[in-house]
Amino acid sequence: MTTLVEICLEDVGGAALAAAAGADGLEVCAGLADGGTTPTLGFVRHCADAAPGLAVRVLVRARPGDFVHSPQEVDVMVADIEATRAVIGDAAALGFVVGTLEPDGAVAVDAVRRLVAACGDAPVTFHKAFDSVPDKASGLALLADLGVSRVLTSGGPGPALEHLPELADLVRRGGDDVRIAVGGGVRPANVARIVDATGAREVHLRAPGTVTPAGVSAGYDDGRRSVTSAAVLADVMAALGR
């Protein structure tokens with residue numbers, strides 16, 4: 001069984017590298033240093049054009065921080081989904097990644113229902129906010145009822161390696177109805193172990209490398225940034241026998 005690989009990225013050029021390495025999908029983001037936020041429409045279009053054969057899943061998250069969103073923030077996220085669909089179209093490869101919770105960690109049903117409705121026929125992934133849901137079995141069933149077809153999770157707080165039995169249970173429960181994409185500390189050195197222990201059919205990870213500044217910094221920051229690394233991509237694919 002082939003394990004699908006999704007690469008999370010925020011850098012121009014990363015989509016083409018992921019496609020060339022043989023990845024199956026992208027999670028297109030901004031602000032990964034803050035856990036990820038909604039990317040610009042221009043960047044989404046760039047990724048879709050650069051990797052036409054890959055699933056392009058757009059993260060929709062109005063801000064960093066917790067996952068308890070106000071009605072106004074949900075309005076913003078609905079508008080972002082609608083704008084993305086208007087620019088990209090309802091291509092079969094376009095999907096969305098959403099997630100919002102109640103203060104006690106339960107799935108925010110009304111907000112998720114609005115977000116899923118805004119996605120139309122595009123498939124919906126519930127992101128790693130799921131790691132905070134206290135009853136994950138019930139949460140998974142609820143998300144299925146809400147129209148979510150995929151959940152990204154490490155099985156609990158911290159890296160996936162700390163929750164292998166929980167992940168295996170979620171993979172079994174989700175089956176083909178809600179596919180589990182395992183993410184959280186997935187690296188070339190551990191990806192095969194994670195897949196073997198959980199039965200996961202999909203993994204999600206960054207493939208980070210660092211570039212040095214191209215110009216003189218004015219002191220705003222040190223000029224360094226993380227980009228997608230072809231070498232890390234190659235190592236991940238090789239670890240999975242692909």
Can [X] and [Y] be counted as an ion pair, charged N to O under 4.0 angstrom?
X: D24; Y: R242; value: yes
X: R61; Y: E73; value: no
X: D131; Y: K128; value: yes
X: R201; Y: D176; value: yes
X: R114; Y: D75; value: yes

Might you point out which heavy atoms bring [X] and [Y] nearest each other, and give the distance in Å?
X: V68; Y: D66; result: N-OD1, 3.0 Å
X: A144; Y: V178; result: CB-CG2, 3.5 Å
X: A129; Y: L101; result: O-CD1, 3.6 Å
X: V236; Y: P188; result: CG2-CG, 3.5 Å
X: L146; Y: V116; result: O-CG1, 3.4 Å
X: L9; Y: A15; result: CD2-N, 3.7 Å

Exercise. Using the side chain to side chain contact (heavy atoms under 4.5 Å, CB included) rule, pick out the option among D80, T84, V60, V44 that qualifies with P39.
Key: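 Of all the options given, the one that passes is V44.
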Is it true that [X] and [Y] fall in one hydrophobic cluster, defined by side-chain heavy atoms closer than 4.5 Å?
X: V191; Y: L4; answer: no
X: I180; Y: L161; answer: yes
X: L59; Y: F43; answer: no
X: L152; Y: M77; answer: no
X: V186; Y: L54; answer: yes

Tell me, do [X] and [Y] make a side-chain contact under 4.5 Å, heavy atoms counted?
X: V87; Y: R45; answer: yes
X: I7; Y: L205; answer: yes
X: L143; Y: F130; answer: yes
X: S154; Y: P159; answer: no
X: V97; Y: V58; answer: no
X: D235; Y: M237; answer: no
X: T228; Y: L233; answer: yes
X: L32; Y: C8; answer: yes

Quiz item: Should the heavy atoms of other residues, nucleotides or ligands under 6.0 Å from CG of D196 be counted, would the total exceed 12?
Solution: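 Yes, enclosed.
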When you measure from the side chain of [X] to the backbone of [Y], do you find a donor-acceptor pair of N or O atoms at a distance under 3.5 Å?
X: N190; Y: R187; answer: yes
X: H46; Y: G13; answer: yes
X: H163; Y: P157; answer: yes
X: S229; Y: A231; answer: yes
X: E10; Y: G31; answer: yes
X: D34; Y: G36; answer: no

Exercise. Give, for atom CG of L140 and atom CG of D135, the distance between the pair rounded to the nearest 0.5 Å.
Key: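 So the CG of L140 and the CG of D135 are separated by 10.5 Å.
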Quiz item: To the nearest 0.5 Å, how far apart are CG in D11 and SG in C29?
Solution: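 If I round to the nearest 0.5 Å, the distance is 11.0 Å.
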Quiz item: Which word best sums up how the rings of F67 and H69 line up, parallel for under 30°, tilted for 30 to 60°, or perpendicular for over 60°?
Solution: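 Geometry flag for H69 against F67: perpendicular rings.
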Exercise. Please assess R150 against E6 for the test side chain to side chain contact (heavy atoms under 4.5 Å, CB included), listing each intermediate value before the final yes or no.
Key: CA-CA 13 Å; R150 184 171 175 269; E6 177 182 72; 3.3 Å; yes
Exercise. Any chance you could lay out the side chain to side chain contact (heavy atoms under 4.5 Å, CB included) test for T3 and E202, step after step, and finish with the verdict?
Key: CA-CA 5 Å; T3 303; E202 300 188 36; 5.7 Å; no
Quiz prompt | Test item: side-chain donor near acceptor, S226 and R206, under 3.5 Å | solution =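 There is such a pair (donor and acceptor under 3.5 Å, judged by atom type) between the side chains of S226 and R206.
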Check: residues 164-171 side-chain donor-acceptor pairs under 3.5 Å, at least two apart:
{"residue": "D169", "atom": "OD1", "partner": "R172", "partner atom": "NH2", "Å": "2.8"}
{"residue": "D169", "atom": "OD1", "partner": "R173", "partner atom": "NE", "Å": "3.4"}
{"residue": "D169", "atom": "OD2", "partner": "R173", "partner atom": "NE", "Å": "2.8"}

